[in-house]
Novice: 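This is the structure I have questions about; it appears just below.
A quick note: this is a predicted structure, and the numbers were derived from the prediction, not measured. The basis for the numbers below is simple: all heavy atoms, side chains too, and nothing from hydrogens, waters or symmetry mates.
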Amino acid sequence: IIADGPVSPAEAAQLYRAACGWRTLRLRLTESPFAPMPAPAGAVVQEDSTHILRLGVGFDALFAGFSKSQQAHYRRGLRRGVTVRRAADMDDVRAYFAVYQATLRRWGAGDGALPGTEEPWRRFAAGAELAARHPGQVALWLAEVAGR
């Protein structure tokens with residue numbers, strides 16, 4: 001639930017009822033780590049995890065908090081020529097989306113979509129639109145080797 005303020009459990013229940021009409025086959029909820037809420041009654045809960053990084057502390061402080069394995073992977077990437085940059089336009093988003101689909105196919109999602117993600121491109125396009133409107137708050141970062 002995305003709202004401009006706190007959502008009470010009663011309001012959340014009302015939203016869930018509205019979203020779960022007779023035409024709804026499945027509703028997937030992803031809990032916000034900043035505003036946890038109980039799942040609606042009768043919901044099947046699947047555990048998930050979120051990593052939150054405080055980017056304002058600067059890279060050196062952030063890197064110091066990485067595990068030894070993460071630090072080693074980062075250094076190996078640098079030695080192999082990996083660079084990181086912010087996506088500049090929709091061509092970058094489309095290129096990333098193609099890699100995303102190929103990854104999903106490798107993981108067994110033949111059409112490039114996992115269950116519950118029937119329209120993944122729409123989400124990527126919406127993210128790009130948000131990044132264009134709020135460049136200081138939303139960004140897609142690309143890791144590249146030799147410009148790819």
Side-chain angles (χ1 to χ4, degrees), residues 1-20 26-41 43-109 112-148:
I1 298 171
I2 299 173
D4 60 359
V7 176
S8 73
E11 291 169 321
Q14 183 180 5
L15 288 167
Y16 296 144
R17 281 192 302 276
C20 293
R26 176 183 8 203
L27 174 67
R28 181 177 179 166
L29 304 172
T30 302
E31 181 179 77
S32 167
F34 300 111
M37 300 188 87
V44 176
V45 177
Q46 177 181 342
E47 291 297 319
D48 201 352
S49 64
T50 299
H51 298 276
I52 300 170
L53 304 174
R54 300 197 183 285
L55 301 178
V57 300
F59 181 76
D60 291 338
L62 195 62
F63 186 74
F66 286 7
S67 70
K68 296 297 178 196
S69 172
Q70 290 168 326
Q71 290 177 356
H73 287 298
Y74 172 80
R75 289 184 182 111
R76 185 178 310 129
L78 289 179
R79 285 192 305 272
R80 293 181 178 178
V82 175
T83 59
V84 177
R85 69 174 178 86
R86 187 180 214 142
D89 54 32
M90 283 303 284
D91 288 340
D92 283 344
V93 176
R94 284 186 198 91
Y96 180 85
F97 182 70
V99 171
Y100 169 81
Q101 286 185 304
T103 300
L104 291 180
R105 282 191 292 276
R106 275 196 320 276
W107 291 346
L114 293 174
T117 62
E118 290 76 20
E119 297 181 18
W121 170 249
R122 288 181 60 185
R123 274 196 292 282
F124 279 80
E129 184 180 315
L130 278 172
R133 284 192 311 216
H134 306 282
Q137 297 176 320
V138 179
L140 173 64
W141 291 89
L142 308 172
E144 299 177 320
V145 175
R148 292 192 58 218

Novice: Quick one: do Arg86 and Asp92 satisfy salt bridge (Lys or Arg N to Asp or Glu O under 4.0 Å)? Show the steps, please.
Specialist: CA-CA 9 Å; Arg86 187 180 214 142; Asp92 283 344; over 6 Å; no
Novice: Give, for atom OH of Tyr100 and atom OG1 of Thr103, the distance between the pair rounded to the nearest 0.5 Å.
Specialist: 9.5 Å
Novice: Given side chains that start at C-beta, do those of Trp141 and Arg85 come closer than 4.5 Å, heavy atoms only?
Specialist: no
Novice: Provide the closest heavy-atom pair for Gly127 versus Val138 in the form atom of the first, atom of the second, distance.
Specialist: O-CG1, 3.9 Å
Novice: Would Phe66 and Tyr74 count as a ring pair (Phe, Tyr, Trp, His ring centres under 6.0 Å) if you check the C-alpha gap in whole Å, the side-chain angles of each, and the deciding distance to 0.1 Å?
Specialist: CA-CA 10 Å; Phe66 286 7; Tyr74 172 80; 7.1 Å; no
Novice: Quick check: does any side chain N or O of Gln71 sit under 3.5 Å from a backbone N or O of Phe63, one acting as donor and the other as acceptor?
Specialist: yes
Novice: For Tyr96, which residues count as a ring-ring contact (aromatic ring centres under 6.0 Å, His included) partner, sequence neighbours excluded?
Specialist: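 For Tyr96 the ring-ring contact (aromatic ring centres under 6.0 Å, His included) partners, ignoring immediate neighbours, are Phe124.
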Novice: For a quick test of reading the model, state the closest non-hydrogen atom pair linking Ala128 to Val93 and the distance between them.
Specialist: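 Minimum heavy-atom contact is CB-CG2, 3.8 Å.
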Novice: Out of curiosity, Phe97 CZ to Met90 CE, how far, rounded to the nearest 0.5 Å?
Specialist: 10.5 Å
Novice: Return yes when atom CD of Gln14 has more than 12 non-hydrogen atoms of other residues, nucleotides or ligands closer than 6.0 Å, and no otherwise.
Specialist: no
Novice: Does Ala98 offer a backbone N or O that forms a donor-acceptor pair with the side chain of Gln101 under 3.5 Å?
Specialist: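 No, because the side chain of Gln101 does not come within donor-acceptor range (under 3.5 Å) of the backbone of Ala98.
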Novice: About how many Å separate CZ of Arg79 and CZ of Arg75, when rounded to the nearest 0.5 Å?
Specialist: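 Here the interatomic distance stands at 8.5 Å.
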Novice: Between Leu62 and Leu53, is the side-chain contact (heavy atoms from CB on, under 4.5 Å) condition met? List the steps.
Specialist: CA-CA 8 Å; Leu62 195 62; Leu53 304 174; 3.9 Å; yes
Novice: Please check if atom CZ in Arg54 has more than 12 non-hydrogen atoms from other residues, nucleotides or ligands closer than 6.0 Å.
Specialist: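 Counting other residues, nucleotides and ligands, CZ of Arg54 stays at 12 neighbours or fewer.
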Novice: Can you confirm whether more than 12 heavy atoms, excluding those of Arg148, are under 6.0 Å from its CZ atom?
Specialist: no
Novice: Between Gln70 and His73, is any pair of side-chain heavy atoms under 4.5 Å apart?
Specialist: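 Not touching, per the 4.5 Å side-chain cut-off.
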Novice: If you measure from CD on Glu129 to NE2 on His134, what distance do you get to the nearest 0.5 Å?
Specialist: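 Interatomic distance, Glu129 CD to His134 NE2, rounded to 0.5 Å: 9.0 Å.
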